[in-house]
Colleague: 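Dropping the structure in here first, questions after.
If you read the sequence from its start, that first residue is 1, and numbering goes on from there. Atom set for the values below is all heavy atoms of this structure, side chains included, hydrogens, waters and symmetry mates excluded. In this text, all values refer to a predicted model and were calculated from it rather than measured experimentally.
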Amino acid sequence: MSYSVGQVAAFAGVTVRTLHHYDKAGLLSPGDRSHAGYRLYSEADLVRLQQILFYRELGFPLDEIAAIFKDPQANALEHLQARQRQLTGEITRLQRLAEVAQRAIEIHKTGAYLTPQERFEVFGEIIFDLSYATEAELKWAHSEGQREAMARATAHTKEDWRQLMGEAAAWRAELLAAFDEGEPSDGERATDLAEEHRLHISRWFTSCPHDMHRRIADDFVADPRAFALVVPPSQQRPGLAAYMCKAVHANAARHAAGRTDSKEDDR
């Protein structure tokens, strides 16, 4: 039997335009024509269309489907296995994004939700970049520290946020003063400020050992959005992010050396 393009479109749940596109792409050219010149599809054409739709449902691009059909030696199994790996990764990514959305919903349901005016009063120029927050959540999805930080942030009240942001503003003023006055990044003043920052994170969000603090500081240099959470762009100076990063690393080294000295003293 032969079927018209309209009949095939109805069978397959696609548009006539889609069938015409498959024809032009060389994926599915009808095997026959009517006396009036209209496309007629055979049973074999319908089987091929079913294969095309199967691959399209799995997300294969048309050129890859064409390559599979064109080469009799093409290993369709390898293509399917590769696509399965891609889909599995995408499912994992989407699941993590769903968790991020759920946590954002939880935050909005708590007393920490602030009106735009309240947000400005509490956070001032500090802007929480949603894209950075999402990427960080995905990056540290398996981190117990990240989960604890999110849980504690969710539990903070408006007064908690006001207090912690007040502490952060006072610390930031000290950091800017040290930088502007030319204090060395590995000097006592700068490393003390780095230690204060580490303790601030531990006090308000999650335990922040020195190795974690170093990773956070590395992000200050690698991603401007991360450093903008600490110092708003209007207050930043060239080289300030690198200065803070070096101070954090120097502080970690100082504490590591202190532990070593203590052990030697005990011998």
Colleague: More than 12 heavy atoms of other residues, nucleotides or ligands under 6.0 Å from CD of E43: yes or no?
Modeller: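 It does: E43 CD has more than 12 such atoms within range.
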
Colleague: Between H249 and D218, is any pair of side-chain heavy atoms under 4.5 Å apart?
Modeller: yes

Colleague: Identify whether the distance between the nearest side-chain nitrogen and carboxylate oxygen of D219 and R214 falls below 4.0 Å.
Modeller: no

Colleague: Going only through I, L, V, M, F, W and Y residues with side-chain contacts under 4.5 Å, is there a path from L199 to V248?
Modeller: no

Colleague: Would you say the side chain of E174 lies within less than 4.5 Å of the side chain of R189, judging by non-hydrogen atoms?
Modeller: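 Answer yes - side chains close enough.
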
Colleague: Has the side chain of R172 got a donor or acceptor atom that lies under 3.5 Å from a matching backbone atom of L176?
Modeller: no

Colleague: Less than 6.0 angstrom from the centroid, inside 45 degrees of the normal: does R48 satisfy that with respect to the ring of F69?
Modeller: yes

Colleague: Are Y3 and Y41, when compared by the centres of their aromatic rings, separated by less than 6.0 Å?
Modeller: no

Colleague: Can L193 and E183 be said to form a side-chain contact (heavy atoms from CB on, under 4.5 Å), step by step?
Modeller: CA-CA 11 Å; L193 285 167; E183 291 284 346; over 6 Å; no

Colleague: Say whether L53 and L27 are linked into one hydrophobic cluster, either directly or through other cluster members, by side-chain heavy-atom distances under 4.5 angstrom.
Modeller: yes

Colleague: Measure centre to centre between the rings of H200 and W171, then say whether the value is under 6.0 Å.
Modeller: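 No, the ring centres sit 6.0 Å or more apart.
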
Colleague: Counting N and O atoms only, with roles assigned by atom type, does the side chain of Q7 sit under 3.5 Å from a partner on the main chain of S4, one being a donor and the other an acceptor?
Modeller: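 Judged by distance alone, yes, a pair lies under 3.5 Å.
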
Colleague: Once rounded to the nearest 0.5 Å, what's the spacing between atom CG of L58 and atom CD of Q86?
Modeller: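 So the gap between those two atoms works out to 10.5 Å.
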
Colleague: Verify the cluster assignment for V16 and L40: are they in a single hydrophobic cluster under the rule of side-chain heavy atoms below 4.5 Å apart?
Modeller: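 No; L40 is not reachable from V16 via cluster members.
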
Colleague: Per the side chain to side chain donor-acceptor pair (under 3.5 Å) rule, what does the pair list look like for residues 14-24, sequence neighbours excluded?
Modeller: T15-T18, H20-R39, D23-S29, D23-R39

Colleague: Run the side-chain hydrogen bond (donor to acceptor under 3.5 Å, both in side chains) test against S202 and tell me which residues pass, sequence neighbours left out.
Modeller: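 Listed in chain order: nothing, the list is empty.
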
Colleague: Would you say the side chain of M212 lies within less than 4.5 Å of the side chain of R198, judging by non-hydrogen atoms?
Modeller: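 Sidechains of M212 and R198: no contact.
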
Colleague: Do V8 and D45 make a side-chain contact, defined as non-hydrogen atoms from C-beta onward lying under 4.5 Å apart?
Modeller: no

Colleague: Can you confirm whether Q84 is buried at CD, in the sense that more than 12 heavy atoms of other residues, nucleotides or ligands lie under 6.0 Å from that atom?
Modeller: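 Open: at most 12 neighbouring heavy atoms sit under 6.0 Å from CD of Q84.
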
Colleague: Heavy atoms, side chains only, cut-off 4.5 Å: are M165 and D160 in contact?
Modeller: no

Colleague: Quick check: closest heavy atoms across A190 and P184, and the distance to 0.1 Å?
Modeller: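 Minimum heavy-atom contact is CB-O, 3.3 Å.
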
Colleague: As an exercise, state the distance from CG of L62 to CZ of R56, rounded to the nearest 0.5 Å.
Modeller: 4.5 Å

Colleague: Taking the side chain as every heavy atom from C-beta outward, state whether L164 and F205 have any pair of such atoms under 4.5 Å apart.
Modeller: yes

Colleague: Could you tell me whether R237 and D180 have a side-chain N and a carboxylate O separated by less than 4.0 Å?
Modeller: yes

Colleague: Are the side chains of R83 and L87 in touch, meaning some heavy atoms are under 4.5 Å apart?
Modeller: yes

Colleague: Is a side-chain donor-acceptor pair under 3.5 Å present for W204 with Q163?
Modeller: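 No - no donor-acceptor pair under 3.5 Å links their side chains.
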
Colleague: With the side chain counted from C-beta on, respond yes when F60 and L80 share a heavy-atom pair under 4.5 Å apart, and no when they do not.
Modeller: yes

